[in-house]
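No hydrogens, no waters, no symmetry mates; every other heavy atom, side chains included, goes into these values. Chain identifiers are assigned alphabetically (A, B, ...) following the order of the sequence lines, protein sequences preceding nucleic acid strands; residue numbering begins at 1 within each chain.
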Amino acid sequence: DLPAPYSDHCILDDGTNLYDPKNADAVPWYNVDLDKPPKERWVQIATDYKDHIHELIETLKGLILPSHPDALSLIDDFFGEMNLKIAQPYQDEIASIAEATDIPVGEIVMYNIFYEIFTV
Amino acid sequence: CTSVIAVDDRGKVWHARNLDFGLFLGWDPKVHDWMISAVLRKMVVNINWYRDGKILYKSNNFAGFVGIYNGMKQGEFTVTANERFVEKDQGGRTGIMKWLSGEMADAKWMTWLTRETMENCNSYEEAKEHLSNTEMLSPVYYILSGTKPDQACIITRSWEKADSVTEITSRKDPWFILQTNYDPDVEPLYLDDRQTPGDNCMRKLGRRNVGFQGIYNVLSSRTNLNKLTTYTVLIQTDTGAFETHLQSCPGDCWPF
């Protein structure tokens with residue numbers, strides 16, 4: 001068992017209810033239209049979240065760079081070239097997000113293949 | 001991560017998950033939180049995916065991310081994906097190298113395989129077949145449910161195909177599946193056992209109390225809720241109800 005206060009705790013034991021359907025309103029809804037060209041599908045979301053996407057990428061780079069000084073150029077060059085090999089419609093969708101956020105395409109590729117990179 | 005499928009006492013199927021993301025990606029000692037998890041919480045959006053002027057399916061995503069971890073096709077099926085850890089030479093990075101070398105040129109990236117399943121499959125059985133047998137670049141657990149009480153399974157994936165498909169009907173408690181990041185027949189690492197407390201909490205909930213409120217409370221219980229948890233998504237495939245709730249675990253809370 002983990003030590004208190006980190007131990008398991010089923011809140012049903014206390015009769016606690018944390019569910020409030022109104023809290024779901026904090027997460028906005030968007031439409032992605034698959035009938036539109038891939039380059040147009042993500043522009044709205046990418047534009048609205050440009051600052052947060054920048055923050056995420058910068059945080060990631062900050063975590064990688066101290067131990068690997070060449071990581072930035074590796075990301076931009078290696079993953080940038082990789083986008084040309086990625087199947088459609090993902091290649092165009094990723095390129096359009098890079099364009100809308102003014103972030104190098106390699107960094108958006110890295111973000112989008114996060115799962116494969118970090119699954120060991 | 002923790003994914004849950006539960007069948008209530010009227011036979012209705014409910015599906016939910018906690019997304020835990022950002023392990024070892026920078027601990028912020030000032031606010032006692034993982035850096036990446038904290039940033040991702042601000043980037044969660046729900047998406048209605050349209051085709052031919054109609055909603056084809058729903059998902060939630062991180063802004064700027066085009067793949068899918070969780071998707072629901074109303075009246076048909078819901079899928080969530082949990083990370084699977086395997087031996088070093090069978091993971092995602094090796095998969096990328098094989099893809100780059102052309103050895104696995106046709107293999108699918110995990111979140112894009114999920115998306116293609118949402119876009120091209122029209123039933124639980126079709127989705128199960130596609131998620132089980134399509135070559136992919138990384139291991140994963142796909143947790144899949146339909147709309148009937150026996151339509152729920154864990155698809156344990158490696159590169160080529162499913163290593164196993166575990167049906168809800170084969171479980172000790174055949175009314176729910178709670179899946180974390182371990183193979184169904186493997187005991188979790190004692191430091192990371194979210195399976196035992198999650199199973200116990202589900203049993204306390206009981207079949208008659210299954211619903212958004214009950215499952216949300218199970219997923220808001222430690223240690224299924226931990227410092228890595230960014231959101232809980234609650235899904236009812238028959239009605240199309242799809243709710244994403246941002247989550248965090250402030251204060252004294254297990255880091256993963």
Side-chain angles (χ1 to χ4, degrees), chain A residues 2 4-13 16-21 23-24 26-36 38 41-42 45-46 48-50 52-53 55-57 59-60 62-63 82 85-87 89-90 93-94 97 100-101 103 108 111-120, chain B residues 25-26 35-36 39-40 42-53 56 60 63-67 83-85 88 91-93 95-96 100 109-112 119 137-140 191 196-197 200-201 204-205 212-214 216-218 220-223 231 234 243-246 252-254:
Chain A
L2 299 172
Y6 304 102
S7 48
D8 313 330
H9 176 62
C10 178
I11 64 171
L12 300 173
D13 286 338
T16 304
N17 173 33
L18 295 177
Y19 175 70
D20 181 350
N23 291 340
V27 179
W29 280 92
Y30 284 86
N31 296 332
V32 170
D33 190 344
L34 295 168
D35 295 323
K36 282 187 177 174
R41 295 173 184 171
W42 297 95
I45 296 174
D48 290 355
Y49 283 85
K50 182 178 177 176
H52 291 311
I53 297 171
E55 186 184 0
L56 176 74
I57 301 282
T59 306
L60 263 177
L63 293 169
M82 189 189 273
K85 286 190 72 175
I86 285 174
Y90 311 114
E93 290 182 356
I94 287 171
I97 292 167
T101 55
I103 294 173
I108 301 295
Y111 170 34
N112 271 275
I113 61 170
F114 227 60
Y115 181 81
E116 278 76 13
I117 294 173
F118 288 101
T119 301
V120 291
Chain B
L25 290 173
M35 289 180 193
I36 294 295
V39 178
L40 286 173
K42 295 182 271 190
M43 300 172 65
V44 183
V45 296
N46 295 309
I47 296 180
N48 287 315
W49 296 75
Y50 277 81
R51 184 183 279 162
D52 298 329
L56 185 64
N60 59 3
F65 191 88
V66 303
E83 187 166 7
R84 184 182 183 208
F85 303 100
K88 192 180 169 187
R93 267 178 265 178
I96 293 174
L100 283 170
W109 301 76
M110 190 282 282
T111 61
W112 300 343
E119 289 176 13
L137 294 172
S138 56
V140 73
L191 264 177
T196 308
N200 289 340
C201 206
K204 272 173 202 157
L205 175 70
F212 278 2
Q213 179 174 314
Y216 182 84
N217 285 326
V218 170
S220 299
S221 297
R222 298 191 312 257
T223 54
Y231 62 75
L234 305 164
E243 293 183 6
T244 305
H245 295 248
L246 300 178
D252 296 325
C253 194
W254 194 245

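- For A:Trp29, the parts lying near chain B are the backbone and the side chain together; criterion is any non-hydrogen pair under 4.5 Å.
- Looking at A:Thr16, only its backbone comes within 4.5 Å of chain B, counting heavy atoms on both sides.
- The closest donor-acceptor contact from the side chain of A:Lys85 to the backbone of B:Leu100 lies under 3.5 Å.
- In this structure the side chain of A:Thr59 reaches within 4.5 angstrom of the side chain of B:Ile36, judged on heavy atoms.
- Taken to the nearest 0.5 Å, the OH atom of B:Tyr216 stands 8.5 Å off from the CG atom of A:Asp20.
- For a residue to count as touching a neighbouring chain, one of its non-hydrogen atoms must lie under 4.5 Å from one of that chain's; by this rule A:Ile86 touches chain B with backbone and side chain alike.
- Contact annotation for A:Asp13: only side-chain heavy atoms (C-beta onward) come within less than 4.5 Å of a heavy atom of chain B.
- The shortest non-hydrogen separation linking A:Tyr111 to B:Met43 is OH-CE, 3.5 Å.
- Scanning both residues, A:Asn112 and B:Gly64, for their nearest heavy atoms gives ND2-O, 3.0 Å.
- Using cut-offs of 30° and 60° for the angle between ring planes, the B:His245 and A:Tyr19 rings count as tilted.
- Listed here is the closest heavy atom pair of A:Tyr115 and B:Pro139: OH-O, 2.6 Å.
- The distance from the CG atom of A:Asp35 to the CZ atom of B:Arg51 is 7.5 Å, given to the nearest 0.5 Å.
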